[in-house]
Every structure is written in C-alpha cells, then in structure tokens.
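Worksheet for the structure shown next.
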Amino acid sequence: MPASPAVTAALLSWYDRHRRALPWRAVGGAEPDPYAVWLSEVMLQQTTVAAVKGFYARFLALWPDVAALAAAPREAVLKEWAGLGYYARARNLHDCAAAVVERHGGRFPRTETELRALPGIGDYTAAAVAAIAFGEVATVVDGNVERVMTRLHAVETPVPAARPEIRRLTAALVPRARPGDFAQATMDLGATICTPRSPACAICPLTASCAARAAGTQALYPRKLPRKAVPRRFGAMAVVERADGAVLVRTRPSKGLLGGMTEFFGSDWGPAAPAASEMAEASGAALERVGQVEHVFTHFALTLDVYRGRSRSGAAPEGCRWVGPAQLAREPIPNAFAKVWDAAAGGTASAVVPVAADGLGLVGLE
DNA sequence: TACTCGTGGCC
DNA sequence: TGGCCAAGAGT
C-alpha cells in the first residue's frame, strides 16, 4: 500500500517544527525508553496531558524501571495512582510490569502482537509503544487520529462504526521510515490544531488536503451518535473517629468501580440516601450531618450526604478497620472520597485533622 | 456490540 | 450549570 507522500510529508515537516516537548519524549534523536513510553501511554488513556504530568514524574522517581515497578507492593501503586482515575489501569499496569519481568526477562517486547497480549495494553497502546519506542510500522489510532482522519476525508459514518474505515485511511499514510513520529505528529495536530472545538484550520499544515475544511464542515466530524443521559444515585458516607483519633475505613472489592481503593464507612448507593438514624446505627457512632458532596463518574452522578462523628464502642463494623493518621496517608483514596474527607474536616473548626487545599485533597493527611 | 470504568477543564 | 471532551481497555 503506497503512502500519500504529500499529507505525510506535510505532517512530519510540521511536527519537526512544532512538536510538543513532553517529559516522556526522547530529545534530540535519542533512543526512547520503552518503559517511559509505555507508562506515559497507559496514564494518557482517556486522560489529559496536564493531568498526567505530575503522576508520571512521581511514578518515574519511585520506580525508574519496569523491574522496580513489578517489585512494588500493589497498595503502593494504587496509592500513587489515587486521583488519576480509571483504577483498573493501575492494577493492569502492575500486572503488566510483572508479566514483562516474568515472560520477557524485564524487557518490553517490540512487536505489536506481543505487546497486545500484555495486561492493560489494547490496540492503541500496543501500536503506540511499538511505533514510538521501537520504530515498528504500526497504525496508531486514538481519539486525535480519529478526529484528524474523519475531517481530512469527511467520513460520514459515525464512530465507533467508522473505526475500520479510519484505520484503513490512517494505515495508508504511515511512513515506513518514521512511524512513531507520524503517530505523535497526528496526535499533536489533533491536540493543538485539529481540536474538537474551533479547530485552527488557518494554520493547519493539512488544510489544503482537508475535505471537511474545503466544505466548511470541519466542526461536524467525527460524527457521533447521541449519548444516553447519566442517571443520578444517592448515598451517605461518614468519617467516624475512635477516641484515639483513628478513622473507620474499608477496602472496596478488587474489581468494579474504584476497585481496591479505600473508602470511609458508607451506605449503598441508590435512588435515595439512607436516613441519618440508619447511618448512626450501622456505624455504631453518634453522627452529625456536616454537608453533601457531588461527584460525577463516567456513567452516573453521585450525591453523598456526609456525616462525621465518634464511635461509641470502638468496634469496627463488619469489613471495616481503624487506621491512624500515618496509615491513612498511605491509603489509596480516590478523589470522590477525598471530597467526603474535606467536607467532614471542614464541617467545624474542631476538625480532627486540618485540611489545606492543594487541588488534590487530603493534604491534612500528609 | 454495548456497557463499565474517574477526573478535571472547558464554554 | 451541565454536557462534552481527553494518547482506551476489559468484558
């Protein structure tokens, strides 16, 4: 399949002048570190560059290579991932590191097929690591590439049904010489020029070849089917203290929503929040309601009534445990529950632990 | 195929 | 304010 020299050349030329400087990118033609490429690609799944940068730096400092990450305790990996979202990625990341050590002697395999067989590596990440880290001629298709290609060719089929067509269109443009740069160029273009809203067509290197631009319809692509409305659920969560200042927590089931993460004592989530008396009885504590927090997950919104109080007996309800401040700081607490902590701590001046605001919450636990 | 699975920023 | 969006994977 012959490449399209004009579009590919224009894109690579633009990339050579305007590529973004990102921490995980090798500089000056240096060899990319496959571990760094893989780690960044997993973190970047459905996640913005801005959100990833701090997490990436901390992971690389704590675990500089795949063997170090494989040897880390699972709880430590989850704790460092807390706040980044999609926690199955953290579990798969850890499993993948172990698999690379066990199956491949601690070196990432270089082919798309071998990479694809590892935990947490799907079609996109396998192609991206193969192309960027190893120079394999792989077709990398992410959300940016979809947007660029559907505009370039005015693809009328909505995604995800258009994926096979988008893949063919992309594959026809991949150069044998610089497949990794081509992939990153297309993604950089999608992130900075061919953006979802208000694309900067006037300064786009592909504007002369773009079918949507010629028709003035660039904003219509990629075509998408309407989504369903997100339902709302209600529940309650309580920050319960023991006399010595320990707090009641429990670990969520290892799979599913926020799998393996730590939560405070709480109710199930459903059409209505439980009554205050119900929460008090189940927790064995005298509770006061201190507020409400709102959190929007991908497919539902959650409203939690927040309670705070002191245990009467010091007994932990079934499945719960007491943790002191030092241990609490090591717990993997997702942002949804960090909001609960903040609301409980901010409820009165006599909050157990002072809370500052650093944008990540839980500063009072450090 | 269609659903599950976080979070923050944007307009 | 709320819907949309972001370098997707697993089931």
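Residue numbers begin at 1 in each chain, while the letters A, B, ... track the order of the sequences.
- The listed nucleotides are dA6(C), dA7(C), dT7(B); the one nearest the side chain of N144(A) is dA7(C).
- A heavy-atom distance below 4.0 Å to DNA chain C is reached by none of the residues of residues 291-305 of chain A.
- A close approach under 4.0 Å does not occur between any side-chain nitrogen or oxygen of R227(A) and OP1 or OP2 of dG2(C).
- Checked by distance alone, T47(A) brings a side-chain donor or acceptor within 3.5 Å of a matching partner on the base of dG6(B).
- Ion pairing of R250(A) with E318(A) is absent here, as no side-chain N (NZ or NE/NH1/NH2) approaches a carboxylate O to less than 4.0 Å.
- Rounded to whole Å, the P atom of dT11(C) lies 14 Å from the corresponding atom of dG6(B).
- Residues passing the side-chain contact (heavy atoms from CB on, under 4.5 Å) test with R310(A) are E241(A), A243(A), sequence neighbours excluded.
- Considering only side-chain atoms of R89(A), the nucleotide from dT7(B), dG6(B), dA6(C) that sits closest is dG6(B).
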Output one line per pair: protein atom, nucleotide atom from nucleotides 9-11 of chain C, and distance, for all N/O pairs under 3.5 Å.
unit_1  : atom_1 : unit_2  : atom_2 : d
dA9(C)  : OP1    : G122(A) : N      : 3.0
dA9(C)  : OP1    : T125(A) : N      : 2.9
dA9(C)  : OP1    : T125(A) : OG1    : 2.7
dA9(C)  : OP2    : D123(A) : N      : 3.4
dA9(C)  : OP2    : Y124(A) : N      : 3.3
dG10(C) : OP1    : G120(A) : N      : 2.5

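- If you check the side chains of N144(A) and R147(A), you find a donor sitting under 3.5 Å from an acceptor.
- Partners of D65(A) under the salt bridge (charged side-chain N to carboxylate O under 4.0 Å, His left out) rule, at least two apart in sequence or in another chain, do not exist in this structure.
- Ranked by how close their nearest DNA chain C nucleotide is to the 5' end, Q46(A) and V230(A) are led by V230(A).
- Note on residues 152-161 of chain A: pairs passing salt bridge (charged side-chain N to carboxylate O under 4.0 Å, His left out), not counting sequence neighbours, are E156(A)-R223(A).
- Partners of D244(A) according to the salt bridge (charged side-chain N to carboxylate O under 4.0 Å, His left out) rule, which considers only residues two or more places apart in sequence or in another chain, are R242(A).
- Atom name P, nucleotides dC3(B) and dA7(C): the rounded distance is 23 Å, in whole Å.
- The ring pair (Phe, Tyr, Trp, His ring centres under 6.0 Å) search around Y56(A) returns W24(A), not counting sequence neighbours.
- The phosphate of dT4(B) has neither OP1 nor OP2 within less than 4.0 Å of any side-chain N or O from Y86(A).
- DNA chain C is contacted by M187(A), P196(A) of residues 179-200 of chain A, taking any non-hydrogen atom closer than 4.0 Å.
- Chaining together hydrophobic side chains whose heavy atoms lie under 4.5 Å apart places V240(A) alongside L248(A), F265(A), M279(A), L287(A), Y307(A), W322(A).
- Within the structure, salt bridge (charged side-chain N to carboxylate O under 4.0 Å, His left out) pairs that include any residue of residues 121-144 of chain A comprise R110(A)-E136(A), R116(A)-D123(A) (at least two apart or interchain).
- In this structure E112(A) satisfies the salt bridge (charged side-chain N to carboxylate O under 4.0 Å, His left out) test with no other residue, sequence neighbours excluded.
- For dA7(C), neither phosphate oxygen OP1 nor OP2 lies less than 4.0 angstrom from any side-chain nitrogen or oxygen of R20(A).
- Note on residues 17-26 of chain A: pairs passing salt bridge (charged side-chain N to carboxylate O under 4.0 Å, His left out), not counting sequence neighbours, are R20(A)-D188(A), R25(A)-D188(A).
- At a threshold of 4.0 angstrom between heavy atoms, the contacts of K228(A) are confined to the sugar-phosphate backbone, with no base atom among them.
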